[in-house]
Amino acid sequence: MTEISMREGYAKALVELAEQNQKIVALDVDTAASTLSKFFAERHPDRFFNVGIAEPCMLDVAVGLALGGYIPFVNGFAALISLRALEQVRTNVCYAQTNVKIAASYAGLSDFKDGATHYAFTDLANMRALPNLTVIIPADATEAAAWVPIIAEHKGPVYLRISRAPALPVYQPGTRLKIGRGLVLREGSDVTLVATGAMTGRCLQAADQLDGQGVKARVLELHTLKPIDTDIILKAAEETGALVTAEEHSIIGGLGSAVAETLSEACPTPLARVGIPDHFCPTGRDLDKLMDACGLSINDIVKAANRSMRQKSRR
Amino acid sequence: MTDMTSEQVEQLTGVATQLRCDSLRLIHRRGAGHPGGALSAAEIMAVLYFDTLRIDPTKPDWEARDRFLLSKGHASAVLYSALARRGFFPLTELDNWGEVECRHQGHPDRLKTPGVDMTSGILGHGVAIGCGLALAARLKKQDYRTYVLIGDGESQGGIVWEGAMTAAKFKLDNLIVILDYNDVQLDGFVHDIMPLEPVADKWTAFGWQVIHCDGHDIRSIQQALAVAQSTKGKPILLIAKTIKGKGVSFMENNSYWHGNVPNDHQLSQALAELGQEVTDD
Ligand SMILES: Cc1ncc(C[n+]2csc(CCOP(=O)(O)OP(=O)(O)O)c2C)c(N)n1
């Protein structure tokens with residue numbers, strides 16, 4: 001089976017859900033051909049609203065639709081929703097607690113051809129700081145699709161982070177997804193790799209490499225960045241004594257920060273963070289190579305694991 | 001300013017065709033980029049870079065130069081072509097456009113590419129940034145002008161209109177905004193996605209001097225710019241009527257070609273239609 005992109009997995013699931021649930025409506029900002037909300041537009045034209053290139057407007061219109069009893073899914077580029085429309089998200093979605101579902105597409109570095117202006121690599125930092133918001137980061141296309149009915153069912157605002165690209169397949173269909181409950185993808189006792197989004201598949205491959213070195217790495221998928229699964233993190237800290245976080249996001253403010261906060265307050269444990277260093281990334285020709293060049297390679301994960309384990313052994 | 005001679009018109013028409021061919025080759029080679037909006041702006045860019053703008057390719061940071069903001073930054077291919085043909089850097093430098101080490105990014109980057117006055121790619125910023133550049137010129141008592149190229153889809157963003165009010169309040173007659181009015185955006189026609197009409201009335205009501213021209217007619221663009229330059233006491237909007245994908249039959253007026261890349265065969269056909277020798281470049 002060829003891998004489909006995460007955006008396609010999401011977009012098709014939304015069309016399907018809308019067949020059964022008449023309350024689902026969708027919006028876009030002249031990027032329906034990119035986010036693939038065009039599938040929804042084709043199937044449910046009366047419930048689709050393209051507001052033109054106006055992200056803040058889209059968020060506020062969605063707020064109104066939510067106040068009117070609908071379940072709006074807004075679609076756009078993650079960089080623009082999380083920055084240009086952030087005030088709308090903060091005040092009118094999170095503070096006012098309106099039932100808006102944010103499908104933030106082209107996240108991370110996945111829009112590699114368009115470059116730094118289009119990368120969303122601080123969105124998790126922005127979103128994680130907002131009260132009342134649930135932040136979900138699927139690991140692949142199948143998982144993205146599986147989240148759609150769950151977040152529609154959930155009462156309250158959700159930020160769903162969607163990549164433009166396919167990711168290494170991770171999700172086993174049938175696995176129960178629960179907001180706020182991380183998944184153990186692989187058992188291990190020497191080190192824990194805590195992954196989210198497209199980095200999950202890379203962590204599983206890093207765990208294979210570590211296995212070759214005789215290192216048993218546990219792999220956790222934290223699909224929910226907020227509310228964070230404190231239990232699964234602390235259990236891993238106690239049982240493996242060394243952790244690594246891996247995310248397609250700045251090392252500032254995202255998964256690495258969330259895990260560091262959890263550990264340092266409850267159970268200080270060596271941690272090494274894999275993420276985009278504190279700078280803007282260039283345009284690329286190929287997503288995998290760009291990710292490798294931006295500090296997100298499998299080798300970067302392996303090296304981080306070794307760093308974290310060295311720290312543990314010095315204690 | 002005097003009218004152009006027919007030789008000049010012919011020469012700039014040739015430049016516009018050259019910019020179209022360069023843009024398509026660059027996009028094809030990189031396997032990424034935005035052909036439609038690059039082709040639609042070819043004559044505008046030819047007139048600006050080869051006639052109107054006071055610039056010196058040997059001094060990209062010259063204080064007194066006219067400023068140009070490509071607010072619709074996705075049309076970077078036509079800007080890079082114009083800068084290269086004008087001598088800011090060799091065209092061959094674009095052979096590795098998009099490589100991680102390259103000075104040319106997907107969208108214009110002022111820190112990396114000589115001749116690029118401002119970074120862009122996120123739509124909507126040009127008018128307000130242009131206000132700042134125009135205010136700076138006034139404060140410094142410099143006579144450079146600021147030119148901004150915006151898209152019609154782009155004009156749907158609220159920030160464009162915030163900038164429009166600002167320019168009018170400060171009577172920025174050293175700010176000339178050109179609207180590339182091709183009626184096509186990413187998802188379809190502007191008149192379907194989010195209608196802009198009556199667009200001239202809107203800008204007029206916002207306090208701007210509005211001038212119309214045919215965005216594919218060198219003389220019409222040049223004359224409109226001349227009127228714009230002599231306007232006093234108001235910012236100027238030039239509505240350039242254009243066709244997205246202009247010059248390549250299968251790309252014209254088709255939103256598919258907003259951001260899709262021609263394959264080998266399509267490139268050859270496009271270049272042939274533009275009257276270019278098809279080479280293996
Ligand atoms: C604020 C913002 N929203 C969305 C995008 C994605 N995008 C890039 S180009 C484009 C369409 C632009 O249409 P238009 O301004 O008419 O440009 P043209 O037709 O001249 O190419 C869109 C939606 C963006 N770059 N910035």
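Chain identifiers are assigned alphabetically (A, B, ...) following the order of the sequence lines, protein sequences preceding nucleic acid strands; residue numbering begins at 1 within each chain.
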Is atom [atom1] of [X] surrounded by more than 12 heavy atoms (other residues, nucleotides or ligands) closer than 6.0 Å?
X	atom1	value
A/F49	CZ	yes
A/Q209	CD	yes
B/D201	CG	yes
A/Y95	OH	no

Can you confirm whether [X] sits close enough to [Y] that some side-chain heavy atom of one is under 4.5 Å from a side-chain heavy atom of the other?
X	Y	result
B/H34	A/D114	yes
B/V100	A/R285	no
A/K38	B/D187	no

Notebook entry, point to check: Got a donor-acceptor contact below 3.5 angstrom from the B/H107 side chain to the A/T117 backbone?
Noted result: no
Does any backbone or side-chain atom of [X] lie under 4.5 Å from a heavy atom of chain A? Answer side chain, backbone, both or neither.
X	answer
B/H104	neither
B/Q105	both
B/S155	neither

Notebook entry, point to check: Using a cut-off of under 4.5 Å for heavy-atom pairs, which of B/H74, B/K112, B/R30, B/Q185 has the most such pairs with chain A?
Noted result: B/Q185
Next item on the list: Name the option with the most non-hydrogen atom pairs under 4.5 Å to chain A; the candidates are B/M194, B/E101, B/E154, B/E99.
Entry: B/E99
Check: How far apart are the C-alpha atoms of A/V51 and B/Q156, what are their side-chain angles, what is the distance that settles it, and do they pass the side-chain contact (heavy atoms from CB on, under 4.5 Å) test?
Finding: CA-CA 9 Å; A/V51 300; B/Q156 294 156 349; over 6 Å; no
Check: CG/B/L186 to CD1/A/I53 distance, rounded to the nearest 0.5 angstrom?
Finding: 7.5 Å
Next item on the list: Look up atom CZ in A/R84 and atom CG in B/L123, then write down how far apart they are to the nearest 0.5 Å.
Entry: 7.5 Å
Next item on the list: Against chain B, work out which of A/L83, A/T283, A/D30, A/L80 has the most heavy-atom pairs shorter than 4.5 Å and name it.
Entry: A/D30
Next item on the list: Please report the closest heavy-atom contact between A/K113 and B/A32, naming both atoms and the distance.
Entry: CD-CB, 3.3 Å
